[in-house]
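Quick notes on the structure that follows.
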Number of protein chains: 2
Amino acid sequence: MSPARTPTGAAPTRGRRAGRSTGDDREAAILATAERLLRDRPFGDISIDDLARGAGISRPTFYFYFPSKDAVLLTLLDRVTEEADTAAGGVLDRLAEDPRARWRELIARFHAIFGGHRDVVLACAQVRGTNPEVRRLWAEVLERWVRAVQAAVEAERARGAAPDGLPARDLAIALNSMNERVWYATFAGDGPAVAERDVVDVLLDVWLTAIYHTTTPPLAPAD
Amino acid sequence: MSPARTPTGAAPTRGRRAGRSTGDDREAAILATAERLLRDRPFGDISIDDLARGAGISRPTFYFYFPSKDAVLLTLLDRVTEEADTAAGGVLDRLAEDPRARWRELIARFHAIFGGHRDVVLACAQVRGTNPEVRRLWAEVLERWVRAVQAAVEAERARGAAPDGLPARDLAIALNSMNERVWYATFAGDGPAVAERDVVDVLLDVWLTAIYHTTTPPLAPAD
DNA sequence: ACCCCAGTCAACACCATGTCGACTCCGATC
DNA sequence: GATCGGAGTCGACATGGTGTTGACTGGGGT
C-alpha cells in the first residue's frame, strides 16, 4: 500500500488555511457537525450556514477554516480511506495461506469500514458527480486498491492457483467497481440491492469465481 | 420486459404541462439544446438560461415546457433506457442456443447504446446523487434488467448448464452493478478504467465465470 | 505602550432558481 | 366581425445560497 500516497500526503493543509493555534477545536467542531447532520439529511440539503451554526460560528468564519463545503467532506473522506487502507494492509500478502479466507477478510473489512461511515461514503458518492476534487481523490484511492488486487491476482496465477485469463488489471478494476456500486446500493437502500448481511458473501463469490473459476481455491502451491 | 412499465407509462406528461399544440418543436429544441450543451460541459454547469436561450426562448418560457432542469434530463434518460430495452429485448430468450454468444450480444448492445449517449448517461449519473426522480427512474430500469438476468440464470441452472450457487437475484444485482460502474468509469475516463475497446470482453468474462464457473458454457442441454 | 495577527462577523455583491402578472396572438363561437 | 379563451411569451421580482470585504477584538511578543 506504499505507492502514491500523494493525495493525503501532498496536500497537508486542506482545511485551515495555515498556522496552528487555538481554533483547532473549531475545525473539529465543523467536521463533527458535518458528520452529525449527514446522519439525517443529504449533503446537498446542508448549507454552509448549517455547518457554521452547528459549530457555533458565523458563516464567514467558516471560510476561515475551510474553503468550501466540499472541502469538509473531502477531509472526512480522507479519514475513511486512510482507515480502510490500514485495515486492508497486508491481508493480501498472506493470500496463499488460505485464499478464500483472506479474500473474505479483505472484503469484510472494507464492508465494516464503509458501513461504519456510510453517511460520509454516500455523501461522497453524491458529490463525486459535481466535484472534481472528490473525484480525483477517490480515483487515487481506487487506483491503489486496484493495484493491490492486480498484484495479488498475478501472484496467485504465478503459483498456479488461479488460471490465466483477463489481464489482471482489468479484472481488478471490474471487481473493485462491482464492490463499490453494490455497497453503494446496499447502504443507500436505493433500487435493487443485496441485503446487508449477505453482501460480503455475494461479493466474495463473484470474486472467487472470476479469479479462480471456483469458489474453493487451492491452499497449497500447485508445484 | 413487461412488468412494471410504470415509470414512463404512469407519468405520460413529464415535460409540457398538458395540451398539444404548436410548441412541440420548442420542447424538442430544448431537448436538443440540452444534448448539445452536454457534449462539452457538465450538467451542473448548464443553467436553465442556457437551455432557454439555446432553444430561442426566455427563461420563464422554459418553465412552460419543463418544470425544472432535471426534468429535461429525465426525458432524455427515458429515451435512452427505452432504446436499451428495445435492443435487449428477447436476446436472453435464445440463451441456450449459444450462451456465450448471447450474453456477449446482450452486453455489447448495452455498450453500444450507452456509448452512443454517453453524455446523457454520464449526466444522469451525476445528478442521480441529488435528484430523487432520476434515482427512482434508474432504480426501476435497473430492476427490470436485474429481473431479466435473474430469470435467465435460473433457466440456465434448470437446464443444467450453470451450477447452483448464489441466489440468482443477488448474482444478477452484482453483475448489473459491475457493468454500470465499469461503463461509467470507461466513458467518463475517470480514475481506473477499462479501455473502451476491451470493456465488453472484460465484462463478459466476469459474467460467464460468475454464472457458469467457466468462460465456455455448454451449448446443448445437459440431459 | 505598541504591534501583529489569529479569529470573528455584519454587510454586501452575485448568481441561479422559481413565480407572478401582464401581454399577444389565433382559432372558435355567436 | 366582435369577442372570448387559452396556448405561448416574457419583464420584473422574490428567494436563498455562496463567496468576499472590511472592520473589529483580544492576547502574546517586543
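Naming convention: chains lettered A, B, ... in sequence-line order (proteins, then strands); numbering from 1 in each chain.
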ask   = Which one, dT8(C), dT9(D), dG18(C), comes nearest to the side chain of Y65(A)?
value = dT8(C)
Side-chain ion pair, R79(B) and E83(B), N-O less than 4.0 Å = no
ask   = Which parts of residues 38-53 of chain B get close to DNA chain C, meaning a heavy atom less than 4.0 angstrom away?
value = S47(B), I48(B)
ask   = Salt bridge or not for E143(B) and R169(B), using N-O below 4.0 Å?
value = yes
Residues R41(A), D45(A): salt bridge by 4.0 Å N-O rule = no
ask   = Are OP1 or OP2 of dG7(C) and a side-chain N or O of T61(A) less than 4.0 angstrom apart?
value = no
5'-to-3' dot-bracket of DNA chain C (Watson-Crick, G-U; under 3.5 angstrom; crossing pairs as [ ]; | other strand) = ||||||||||||||||||||||||||||||
inquiry  = Just the rounded figure in Å: distance from C1' of dG16(D) to NZ of K69(A).
reply    = 12 Å
task = Measure from CD on E27(A) to C1' on dG7(C) and round the result to the nearest Å.
result = 13 Å
ask   = Is a salt bridge present between D201(B) and R104(B), judged by a nitrogen-to-oxygen distance below 4.0 Å?
value = yes
inquiry  = In this structure, how many angstroms lie between the P atom of dT17(C) and the CG atom of N131(B), rounded?
reply    = 14 Å
query = Would you call E105(A) and R100(A) a salt bridge, using N to O less than 4.0 angstrom?
reply = no
note = Whole-Å distance, F62(A) CZ to dG17(D) C1', equals 13 Å
I30(A) CD1 to dG7(C) P, straight-line distance once rounded to whole Å = 11 Å
key: Nearest-Å distance for atom pair CZ/C1', residues F64(A) and dG19(D)   = 16 Å
Please list, pair by pair, any protein nitrogen or oxygen found under 3.5 Å from a nitrogen or oxygen in nucleotides 10-15 of chain C.
none

query = Rounding to a whole Å, what distance do you find between Y63(A):OH and dT21(D):P?
reply = 13 Å
ask   = Does a donor on one side chain sit under 3.5 Å from an acceptor on the other, for E180(A) and W138(A)?
value = yes
task = Would you confirm whether T209(A), through its side chain, and D205(A), through its main-chain N or O, come within 3.5 Å as a donor-acceptor pair?
result = yes
request  = May I ask you to check whether D78(A) and T75(A) show a side-chain donor-acceptor distance below 3.5 Å?
outcome  = no
task = Look at the side chain of D50(A) and the backbone N and O of S47(A), then say whether any donor-acceptor pair between them is shorter than 3.5 Å.
result = yes
request  = May I have the step-by-step check of ring-ring contact (aromatic ring centres under 6.0 Å, His included) for F187(B) and H117(B), ending in yes or no?
outcome  = CA-CA 10 Å; F187(B) 292 140; H117(B) 300 279; over 10 Å; no
message = Please report the distance, rounded to the nearest Å, between CD1 in I57(A) and P in dG7(C).
response = 11 Å
ask   = What orientation do F114(A) and W183(A) show, parallel under 30°, tilted 30 to 60°, or perpendicular over 60°?
value = perpendicular
